[in-house]
Every structure is written in structure tokens, then in C-alpha cells.
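A short worksheet on the structure shown next.
One-based numbering, in listed order, for ligands and for the atoms of each. A quick note: this is a predicted structure, and the numbers were derived from the prediction, not measured.
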Amino acid sequence: MERERTFHTPTDYQQAMLHAWAQYATLKGGENASYIPYLAQVPAHLCAVAIVTVDGEVFSTGDADYRFALESISKVCTLALALEDVGANDVQEKIGADPTGLPFNSVIALELHQGKPLSPLVNAGAMSAVSLINARDSEHRWARILNMQQRLAGAAVTLSDEVNRSEQTTNFHNRAIAWLLYSAGTLYCDAMEACEVYTRQCSTLVNTVELATLGATLAAAGVNPRTKEQVLSAANTPFILAEMTMEGMYGSSGDWAYTVGLPAKSGVGGGIVAVVPGVMGIAAFSPPLDAAGNSVRGQKLVASIAHQLGHNLYRCG
Ligand code: GLU
């Protein structure tokens, strides 16, 4: 049975976005992440939502120019690069493609699986993905990862020295994870190099339109709809979307699949991006997080837009 493709006009997108905004932009609840000092002091009232379609149309409202820390969403970009460099089989074999069922920075998850991270979208798997990238040295590794972020999202994505300093001086737990991976043979470069570069990749700044562009690039089978560049091979995008479905929304990835039905990834900086394959990327930003680590308002905004426009991958009619 061929899936029916609903056609939406620019007015439909705009109306869906503004309706979601009116309902949820001032929703109360949640708290900024505080274990990274920088994130604790980002104004909690900031809020934005954006849609970028695979044709490059852009819709946005709120603080859509405000640049926030990419954090965990960076794992999607590094996964893309790892897939391009070593291929889907190696990524699945060396990192995995399953949810851990445990928090994103769990050490227990590693112990339970002989050091295999299971998912490139948890901290252990992301550091393992960093280590799989083809690179001569640490600076080359970093340059390639930043370049992938820029090509997926927009050239203005840059490292924030302030965020990076805040993270590099407090990332003791991630350093411990890196050494555990190294001892298990599941890290493929120097342990502290992987952790340091991973921490940098979390410390770049994006705005909500750029984040939606990242989603739209995945939705368009690897072609950035704004720059028209084929950023990654079409064959690799399904692996990324599958991983996002499995582990993209932390411990509530299953609930998200059940209620929204779209691959998505969020970060502790308050960003969230969802992908409607073949149609669009939807992104939102709002710092206060729920207990699972997902933006309270961001989830509502994205889910509402998807729902109003009738997008749920598991809906058959
Ligand atoms: N830099 C953060 C960490 O490693 C990212 C976490 C996240 O957004 O999930 O803890």
C-alpha cells in the first residue's frame, strides 16, 4: 500500500506553528540542566520553534535567532560522520543500535554489555563514534566533526569557548566513561582525546532555524535544503533515523515514539529536533527540562506541529 502524502501549503505550516506556539510557549514546568554550570544560567523564558521543509522553506517564531548549546544533538552529526567513514556495519558492531534502557551517561549500561555502548546517542557511544572518525590527530578529528555540524545545520555553527570551558572543567563522569570504554577495547583512539573532542562537539552554538535545517537535511536524505549540498549519502540517513527513534529522547524515547511517532533528538541545552522523512525538520528550544532530560515546552511544540499536520510514521491511514 502506498503511503498517502498530504500536501501542505505554507499557510498550513505557519498556522500549525503559530497554534502550537499560542498553546505552549509559556508552559510552566521543568528546570534548566545544572550539572553544566553554563546551562544553569541560560534564561529559562527563552523559547523558539522552527520548521524547515525539504524544499528549503523556513518558518520560525520566538527567540529563533538565539544561539544555544547543541549538547547531545551533536551526537547525531558525529554518527553521520562515523557512518560515512566506517560504514553502517562497523557502527552497529562496534557501538550498537539498541536503547540502553538506562540514563544517557550510565556506567552500569557499559558494565552490563561488556563495554559495548549499544547506542551512538548515549555518551559512551558518542565518544566511541568520535574515536571511529578517520583523523590524523585530535585537531583534525575536531575540525571534521565541526565541519559536519556546519554542513548539516549551517555555516554559523561555532564553538563557544565559554560553554566548552564550563564543560571541560566539569566532565569528570564522561572521562571515567572514556577510560572504561578504553579498557574494554571499545574506544578507537586515545581515551582523553575522545572525551575532549566529544566535549567540544557538545559546546557549539546553534539557533533553532539551524537545528531545524539539520533535521530537514536528514528528512531530505542527506541533502541540506538550504545549501543544496549532499552532506551525507542517502543510504546512511535511515540508520541515523533508526538510532534517533531508539535513543534520541533519553529514557522517554519509547513514550515519544508511542505518542508522536517521529525520530527525534534532544539535548540538555534545551534543543530538540524531529524529522518527518521526505517532508521537514521541526526544531524547538526552551531550556527547562523534564526529569528525563527533554525540553518541556520543546516537546509540546514539536509534537503539536507534527500532530496538526498529520505526521506520525506509524500512522497508516
Ligand atoms: N555535554 C553533555 C554531557 O556529556 C551532553 C549531554 C546531553 O545533552 O545529553 O553530559
(message) Going by side chain to side chain contact (heavy atoms under 4.5 Å, CB included), Thr100 matches just one of Met246, Glu247, His113. Which one?
(response) Glu247
Just the distances, no angles: every ligand 1 N or O to protein N or O pair closer than 3.5 Å, one line each.
unit_1   : atom_1 : unit_2 : atom_2 : d
ligand 1 : 1 (N)  : Glu71  : OE1    : 2.8
ligand 1 : 1 (N)  : Glu167 : OE1    : 2.8
ligand 1 : 4 (O)  : Asn123 : ND2    : 3.1
ligand 1 : 4 (O)  : Asn174 : ND2    : 2.8
ligand 1 : 4 (O)  : Tyr198 : OH     : 2.7
ligand 1 : 8 (O)  : Ser72  : N      : 3.0
ligand 1 : 8 (O)  : Tyr250 : OH     : 3.1
ligand 1 : 8 (O)  : Val268 : N      : 2.9
ligand 1 : 9 (O)  : Ser72  : OG     : 3.2
ligand 1 : 9 (O)  : Tyr250 : OH     : 2.5
ligand 1 : 10 (O) : Tyr35  : OH     : 2.6

(message) Just to verify, what does Phe59 make a ring-ring contact (aromatic ring centres under 6.0 Å, His included) with, not counting sequence neighbours?
(response) Tyr13
(request) Could you pull out all residues at least two apart from Tyr198 that satisfy ring-ring contact (aromatic ring centres under 6.0 Å, His included)? (result) none
(message) Side-chain heavy atoms under 4.5 Å apart, restricted to Ile/Leu/Val/Met/Phe/Trp/Tyr: what other residues fall into the cluster of Ile108, or is it alone?
(response) Leu102, Leu112
(request) Answer with yes or no whether the side chains of Ser295 and Gln299 bring together a donor and an acceptor at under 3.5 Å. (result) no
(request) Kindly work out whether a path of hydrophobic side-chain contacts (I/L/V/M/F/W/Y, heavy atoms less than 4.5 Å apart) joins Met127 to Val122. (result) no
